[in-house]
Chemist: 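Here it is, the structure, as structure tokens.
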Amino acid sequence: MTRFVLTLAAAAAALFGVGLGAAGRFDTRTASFALTFHGETSAYRDAAVVIAPRASVVIDAVGGPPGDFGATTDAGTLVQQGQRQWKWTAPDRPGAYLITFDGPGRKDSIAAHAFVTVPAARVRNGMLNGYQIGEYPATPASGNRLYLPPTGFIEVTRENENTHVSPHFTLKQFVCKEDTTKNYPKYVVLKERLPMKLELVLEHVNAIGFSADTLHVMSAYRTPYYNHAIGDVKYSMHQWGSAADIYVDPQNRNRMEDLNRDGRVDSNDAKFLYDQIERLLAQPEYRRFEGGMGFYPATVAHPPFVHVDVRGTAARWQG
């Protein structure tokens, strides 16, 4: 079986005529096998699995070397159902838990970080345990189930905010930017596919010559309350944990990198990143990451950036 995560460096050099530079040392942190769960497939050594209390998920180990695979967990119930298949039943208590999958001889492993959500039924008058969520639209846009209110929220605490949702992204990068206080807990909705798409973009950014350990996630999840407060559209994908506004900031200076190397940082750099992502999505192996995408100029509040989401259908715009 072809591995889900492919190395992009050589392909980028050939396809786009760019040099690798320091990017040749970028570690994608992928395993020799992959996991499938909830309709997703990931070979990343860190993966996020979002699940309701007491719910179950079937996880398969696919690809990789022949031999016996194993799995362990620190909570919940893990039952092996086949040579490479397990069923994990989440505990009653919301939180972040760990399921570790080992390849033959324990020479390779994947850490599945299971986030057991707080049921949305606990939201009262737009508040969840003192955290302002607001109200989701009463009816989904055009009857699309993508826009149904979420069934639960990941609880973010001081103890779990640095948990990896993928090798180069952590849970705290997806917290609503409205909440700049040090109060906990906070709450997040996160689609499992989103950090995998960001990993793909990050790998490509490194492949075309920009050495970055992560992308700057300017805005990811937005509560309906915050989304309304900033005047965004009623059905913004940010509210469903499916979108991120990103820019490339290798030095962590809160500014976009000069991606097109013209000596300026402006909307042309956002357009450059937009075009690179567009070319990635045109490749058959990455079409499952299709979604909305737009590029935006700088304002006094932020540098130029690109919006990406995983709605599953193409939408394009310029901000």
Side-chain angles (χ1 to χ4, degrees), residues 5-30 44 46 162 164-175 177 180 194-222 238 243-283 286 289 291-310 316-319:
V5 179
L6 304 177
T7 300
L8 292 173
L15 185 59
F16 306 122
V18 295
L20 298 183
R25 297 190 296 271
F26 180 70
D27 184 0
T28 61
R29 300 180 192 171
T30 54
Y44 291 116
D46 290 281
N162 289 311
H164 283 271
V165 295
S166 66
H168 300 92
F169 295 87
T170 60
L171 184 60
K172 67 181 178 182
Q173 289 177 275
F174 297 84
V175 171
K177 293 305 185 284
T180 58
L194 181 61
M196 288 191 280
K197 182 171 183 175
L198 297 184
E199 287 285 349
L200 177 65
V201 174
L202 176 64
E203 182 182 354
H204 184 64
V205 164
N206 277 268
I208 62 174
F210 299 94
S211 181
D213 294 330
T214 189
L215 299 172
H216 188 112
V217 181
M218 190 178 78
S219 179
Y221 175 61
R222 293 181 194 155
H238 286 275
D245 297 336
I246 58 173
Y247 56 88
V248 181
D249 184 16
Q251 306 303 319
N252 196 26
R253 296 180 295 182
N254 293 318
R255 55 165 286 176
M256 170 72 94
E257 186 77 355
D258 178 15
L259 297 180
N260 65 357
R261 297 183 173 93
D262 67 353
R264 300 187 300 272
V265 174
D266 54 26
S267 61
N268 289 325
D269 297 294
K271 181 61 163 59
F272 180 92
L273 180 59
Y274 172 102
D275 288 340
Q276 294 294 317
I277 299 171
E278 187 78 278
R279 289 170 177 172
L280 279 177
L281 295 177
Q283 299 179 51
Y286 302 130
F289 290 111
M293 185 164 62
F295 66 96
Y296 293 78
T299 70
V300 294
H302 59 70
F305 69 90
V306 174
H307 166 105
V308 295
D309 66 51
V310 289
R316 299 292 185 266
W317 63 88
Q318 177 179 351

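Throughout, residue positions are numbered sequentially from 1 according to the sequence presented. Keep in mind that what you see is a predicted model, and the values were worked out from it rather than measured.
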Chemist: Taking ring-ring contact (aromatic ring centres under 6.0 Å, His included) as the cut-off, I'd like each qualifying pair that reaches into residues 249-282, sequence neighbours left out, listed once.
Modeler: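 Residue pairs passing ring-ring contact (aromatic ring centres under 6.0 Å, His included), neighbours aside: Y274-F295.
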
Chemist: Can a donor-acceptor pair be found, under 3.5 Å and without considering hydrogens, that links the side chain of T214 to the backbone of H168?
Modeler: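 Confirmed, T214 side chain pairs with H168 backbone.
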
Chemist: Taking the six-membered ring for Trp and the single ring otherwise, decide whether the centroids of Y286 and H204 are under 6.0 Å apart.
Modeler: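 No.
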
Chemist: Checking side chain to side chain contact (heavy atoms under 4.5 Å, CB included) against S166, which of R29, E199, M196 comes through?
Modeler: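 Only one of R29, E199, M196 forms a side chain to side chain contact (heavy atoms under 4.5 Å, CB included) with S166, namely E199.
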
Chemist: Would you mind reporting whether L281 and K197 have side-chain heavy atoms less than 4.5 Å apart?
Modeler: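 Contact flag for K197/L281 side chains = yes.
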
Chemist: Restricting to ring-ring contact (aromatic ring centres under 6.0 Å, His included), what partner residues turn up for H307, sequence neighbours left out?
Modeler: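 By the ring-ring contact (aromatic ring centres under 6.0 Å, His included) rule, H307 matches H238, W317.
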
Chemist: Is there a side-chain contact between L198 and F174 (heavy atoms, below 4.5 Å)?
Modeler: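 In contact.
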
Chemist: Hey, is the main chain of N254 close enough, under 3.5 Å, to the side chain of D249 for a donor-acceptor pair?
Modeler: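 Side chain of D249 to backbone of N254: a pair is present.
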
Chemist: Give a yes or no on whether the backbone of N260 and the side-chain of D269 come within a donor-acceptor separation of less than 3.5 Å.
Modeler: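 Pair found, side chain donor or acceptor close to backbone of N260.
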
Chemist: Check for me whether the distance between the ring centres of F305 and Y296 falls short of 6.0 Å.
Modeler: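 Yes, close enough.
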
Chemist: Does D245 come within less than 4.0 Å of R222, counting only side-chain N to carboxylate O?
Modeler: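 Looking at R222 together with D245, the answer is yes, because their closest N to O distance falls below 4.0 Å.
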
Chemist: I'd like to know if R279 pairs up with D275 as an ion pair, taking the criterion as any Lys NZ or Arg NE/NH1/NH2 lying under 4.0 Å from an Asp or Glu carboxylate oxygen.
Modeler: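 No, no charged N to carboxylate O under 4.0 Å.
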
